[in-house]
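The chains referred to below are lettered A, B, ... by the order of the sequence lines, with proteins before strands, and numbering in each begins at 1.
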Amino acid sequence: MSGTPRVKTRFPPSPTGALHLGGARTALFNWLFARHHGGSFVFRLEDTDRARSKDEYVTSIIDAMAWLGMNYDEGPFYQSKRNERYLAAIEHMLGNAKAYWCHCSPEDLEAQRAAASAAGKKPMYSGKCRELGLGQAKGAVVRFRGPLDGATVFDDLVKGPISVANNELDDLILLRSDGSPTYHLAVVVDDIDMGITHVIRGDDHVSNTPRQILLFKALDATPPLFAHVPMILGADKGKLSKRHGATAVIDYETEGFLPAAMLNMLARLGWSHGDQEIFSVQELIDLFSLEHVGKSPSVFDQDKLLNLNHHYIQHTDIAKLADMLTPFLRNLGIEQPDRTTLLAALPHLTQRARTLVELAHWAEPYLLDEPKMEAEAKAKFLTAESKPLLQAALDLMESQPPQLEPAMKELAKALGVKPGALFPPLRAALTGRQASPGVYEVMAILGSQRVKKRLKQAIDSLR
RNA sequence: GUCCCCAUCGUCUAGCCCGGCCUAGGACACCGGCCUUUCACGCCGGCGACAGGGGUUCGAAUCCCCUUGGGGACGCCA
């Protein structure tokens, strides 16, 4: 029975597009904060804009959250299903004069804003209908009756104290002329109903905060605590957009990134824990705190993500990696990869792959019945001069050498050539590539039967 | 335009709240070297920042002010 309420955060995307990087990071911070404090995390869909909201975006956002492993304790809630609650709140405010009907037409409003701009002020609603005592009418809206003087102050958990003069805030619309509630009203009612204690959201909402605080108070509720995290920018420091590459998190899944790497990357954008760069999810939960979230925007660096992903690929259990590779191998036409071969190859491949796409590419030669010959590898190394070398290697394999490495080195010496002359043709014959793990490793992965078969094929192709 | 916010290497950042330990640390990227049968991994080294100007102080990246620059908001979008 403690007096401090249990921490409750929420992530409320509007389903008007896929989950993008900024949204994912906001979700992550809310999720980490809730988990860190043993609180709960609410997932809510803000779909009051019926025209732009789409079911396909709802499922894609849910999928992206699942991919990242951000589970929620309550929800998904849909604002579109909570209309009576919003209407009741508006009715309540109309009843105690915290709201009023406004009959201004869109054209009239436009003129008012233009007038304010011309006077060197912020374009705002003039308050024309505020004291007119108007009633409901066709095309009318309900507006909030905000305070005319004083200031609204709040202590942002990341930015510190923020103060805005109330006369900078015009009377915002609560109910549209089509009878639907607006964003500001819906969020506030939801956050009250759902008992949200901490609102962690993007920087673009700071200027909305004073108006929402006023709404909380008008609804006789104590506002939650607010924390505004800086935006994520593109390489040119502009808003993140398609030009900067992938902006939707699901794109990173198809490009072969691991969720753990993505989470690590997102967490380190704007948050830090001393010099530490690598964090497991559990460490993130244990260490996360709003005090260490920075105040300035950060640029999303693809190279850093690639580097992190490379790290996670190297440190992920081989069997698990093999499982994750399945769809990427399928894209290469490999439906049923031989698991034994794959498991044998993977330890030699992870150090050279930064993504699962690259890893699948490296694994391909070992999983195919016959390696695909790259034109350049063939032209450079499968030549008339290399034929006797390949033949010698094949003869050696027939004798079943117990130790590959010394045997191959002996062979080079016996042939009177440097290892650098013998190995590239062997690699080309065995993998079809110019680059691969060491030739002995390749042979071990393939096994002597397949090695002999590939050697024979290469020799035959040189006839 | 008006209001709000922000400002350390190219990028992510530590340090800033509680001034001296900062000739500003780490990571990514980049450059060079080592290792090496290729491609990588790894290791070693290098380049590289407190936006500018005023204060306060014995002393400022750290505190205050101004300038400049950047971002956000100003919708019957969220």
Side-chain angles (χ1 to χ4, degrees), chain A residues 12-16 46-49 51-53 79 102 104 106 109-110 113 116-125 139-143 156 159-160 162-165 167-170 172-178 180-184 186-187 202-211 228 230-231 233 235 237-239 265 268-278 291-292 294-308 310 314 348-354 362 377 381 408-409 412 418-424 426-428 431 433-440:
Chain A
S14 67
T16 53
E46 309 210 324
D47 55 352
T48 49
D49 184 347
R52 293 198 303 147
S53 298
Q79 289 191 328
C102 169
C104 293
L109 259 18
E110 187 49 50
R113 280 193 284 267
S117 269
K121 303 189 70 172
K122 188 183 291 191
M124 301 196 306
Y125 169 61
V141 300
V142 173
R143 283 183 186 272
D156 193 287
K159 292 186 172 306
I162 292 177
S163 169
V164 174
N167 62 13
E168 288 292 333
L169 275 20
D170 61 1
L172 52 85
I173 292 175
L174 266 18
L175 185 74
R176 300 185 184 106
S177 57
D178 68 357
S180 65
T182 58
Y183 159 73
H184 288 286
V187 206
D203 237 358
D204 48 342
H205 284 289
V206 287
S207 49
N208 289 332
T209 306
R211 348 183 56 130
H228 289 94
M231 314 259 80
L233 275 24
K237 301 205 177 210
K239 251 188 174 169
M265 178 70 186
R268 281 290 287 104
L269 271 187
W271 174 83
S272 62
H273 179 70
D275 284 342
Q276 190 170 343
E277 297 286 348
I278 304 294
E291 292 87 83
H292 287 96
K295 299 180 184 182
S296 42
S298 36
V299 172
F300 187 83
D301 183 9
Q302 303 270 354
D303 283 333
K304 188 135 186 169
L305 208 216
L306 239 16
N307 178 273
L308 274 172
H310 181 44
Q314 290 188 87
H348 305 285
L349 269 23
T350 55
Q351 60 210 174
R352 48 207 100 204
R354 296 181 304 172
W362 282 109
F381 301 118
M408 297 309 293
K409 282 190 171 157
K418 287 189 197 153
L422 174 62
F423 293 123
L426 283 176
R427 180 173 358 261
T431 67
R433 303 271 179 87
Q434 294 188 81
S436 81
V439 169
Y440 324 124

| field | Watson-Crick or G-U counterpart of rC74(B), or none if no pair lies under 3.5 Å | value | rG1(B)
| request: Select base, sugar-phosphate, or nothing to describe what G139(A) touches, counting heavy atoms under 4.0 Å on all strands. | output: base
| Ionic contact status for D47(A) with R52(A), cut-off 4.0 Å | no
| task | Report which part of the nucleic acid Q434(A) touches: base, sugar-phosphate, or nothing (heavy-atom distance under 4.0 Å, all strands). | result | base
| request: Please give the nucleotide sitting opposite rG48(B) as a Watson-Crick or G-U wobble pair, both distances under 3.5 Å, or none. | output: none
| Side chain of R352(A), base of rC41(B): donor and acceptor closer than 3.5 Å? | no
| said: Taking any heavy-atom pair under 4.0 Å as a contact, classify S298(A): base, sugar-phosphate, or nothing. | reply: sugar-phosphate
| said: Please pick, from rC4(B), rU13(B), rU2(B), the nucleotide with the shortest atom-to-atom distance to any side-chain atom of R268(A). | reply: rU13(B)
| With respect to H228(A), which candidate in D204(A), V206(A), N208(A), I162(A) satisfies the side chain to side chain contact (heavy atoms under 4.5 Å, CB included) definition? | V206(A)
| When you check the gap from the basic side-chain N to the acidic O, do R211(A) and E168(A) get nearer than 4.0 Å? | no
| query | Counting any heavy atom closer than 4.0 Å, what does T16(A) reach on the DNA or RNA strands: base, sugar-phosphate only, or nothing? | reply | nothing
| Does the side-chain ring of H205(A) lie flat on the base of rA78(B), meaning centres under 5.5 Å and planes less than 30 degrees apart? | yes
| Any N or O donor-acceptor pair linking the side chain of K304(A) to the base of rA27(B) at under 3.5 Å? | yes
| What nucleotide, of rC6(B), rC3(B), rA29(B), holds the atom closest to the side chain of N307(A)? | rA29(B)
| Side-chain N or O of S207(A) less than 4.0 angstrom from OP1 or OP2 on rC3(B)? | no
| Per the atom types in the model, does the base of rU37(B) pair as donor or acceptor with the side chain of R427(A) at under 3.5 Å? | yes
| said: Once you apply a heavy-atom cut-off of 4.0 Å, does C104(A) come out as touching a base, just sugar-phosphate, or nothing? | reply: base
| N/O donor-acceptor pair, side chain Q276(A) with base rG26(B), under 3.5 angstrom | no
| task | Could you tell me whether the side chain of D204(A) has a donor or acceptor atom within less than 3.5 Å of a complementary atom in the base of rA78(B)? | result | no
| said: Over all strands shown, is E46(A) touching base, sugar-phosphate only, or nothing at heavy-atom distances under 4.0 angstrom? | reply: sugar-phosphate
| message | If the glycosidic angle sits within 90 degrees of zero it is syn, else anti. Tell me which applies to rC41(B). | response | syn
| request: Check whether any side-chain heavy atom of V141(A) sits under 4.5 Å from a side-chain heavy atom of L175(A), and report yes or no. | output: no
| Is there a side-chain contact between F300(A) and M265(A), using heavy atoms and a 4.5 Å cut-off? | yes
| said: Applying the Watson-Crick and G-U wobble criteria at under 3.5 Å, what pairs with rC17(B)? Answer none if nothing qualifies. | reply: none
| request: Would you indicate what D170(A) reaches in the nucleic acid, counting non-hydrogen atoms under 4.0 angstrom: base, sugar-phosphate, or nothing? | output: nothing
| query | Excluding sequence neighbours, so at least two apart, what forms side chain to side chain donor-acceptor pair (under 3.5 Å) with S14(A)? | reply | T16(A)
| query | Quick one: does F381(A)'s side chain get under 4.5 Å of R427(A)'s, heavy atoms only? | reply | no
| query | In Watson-Crick or G-U wobble terms, both distances under 3.5 Å, what is the partner of rC28(B)? | reply | rG10(B)
| request: Determine the contact category for Y440(A): base if any of its heavy atoms lies under 4.0 Å from a base atom, sugar-phosphate if only primed atoms, P, OP1 or OP2 are that close, otherwise nothing. | output: base
| Which one is paired to rC39(B), where only Watson-Crick or G-U wobble pairs with both distances under 3.5 angstrom count? | none
| Considering only side-chain heavy atoms of D301(A), which listed nucleotide, rC28(B), rU37(B), rC6(B), is closest? | rC28(B)
| note | Among rC6(B), rG10(B), rC39(B), the one nearest any side-chain atom of S296(A) is rC6(B)
| At under 4.0 Å between heavy atoms, what does T350(A) touch on the DNA or RNA strands: base, sugar-phosphate, or nothing? | nothing
| query | Reckon R113(A) touches a base, only the sugar-phosphate, or nothing at all at heavy-atom distances under 4.0 Å? | reply | sugar-phosphate
| request: Please determine, for the side chain of P123(A), which listed nucleotide (rU13(B), rG1(B), rU38(B)) has the closest atom? | output: rG1(B)
| request: Report which part of the nucleic acid P437(A) touches: base, sugar-phosphate, or nothing (heavy-atom distance under 4.0 Å, all strands). | output: base
| task | Return the nearest nucleotide to the side chain of H310(A); candidates are rG72(B), rC41(B), rC3(B). | result | rC41(B)
| Is H184(A) touching bases, backbone alone, or none of the nucleic acid, heavy atoms closer than 4.0 Å? | base
| message | Is there, by distance only and without an angle test, a donor paired with an acceptor across the side chain of D275(A) and the base of rG25(B) below 3.5 Å? | response | yes
| said: Taking atom types as they are modelled, would you say the side chain of T182(A) forms a donor-acceptor pair with the base of rC76(B) within the 3.5 Å cutoff? | reply: no
| said: Among rU38(B), rA78(B), rC76(B), which nucleotide has an atom closest to any side-chain atom of A435(A)? | reply: rU38(B)
| Closest to the V164(A) side chain, choosing from rA27(B), rC3(B), rU37(B) | rC3(B)
| task | Scan V299(A) against the nucleic acid and name what it touches under 4.0 Å (heavy atoms): base, sugar-phosphate only, or nothing. | result | sugar-phosphate
| request: Compare the minimum distances between each of rC76(B), rA78(B), rA14(B) and the side chain of S272(A), then state the nucleotide with the smallest one. | output: rA14(B)
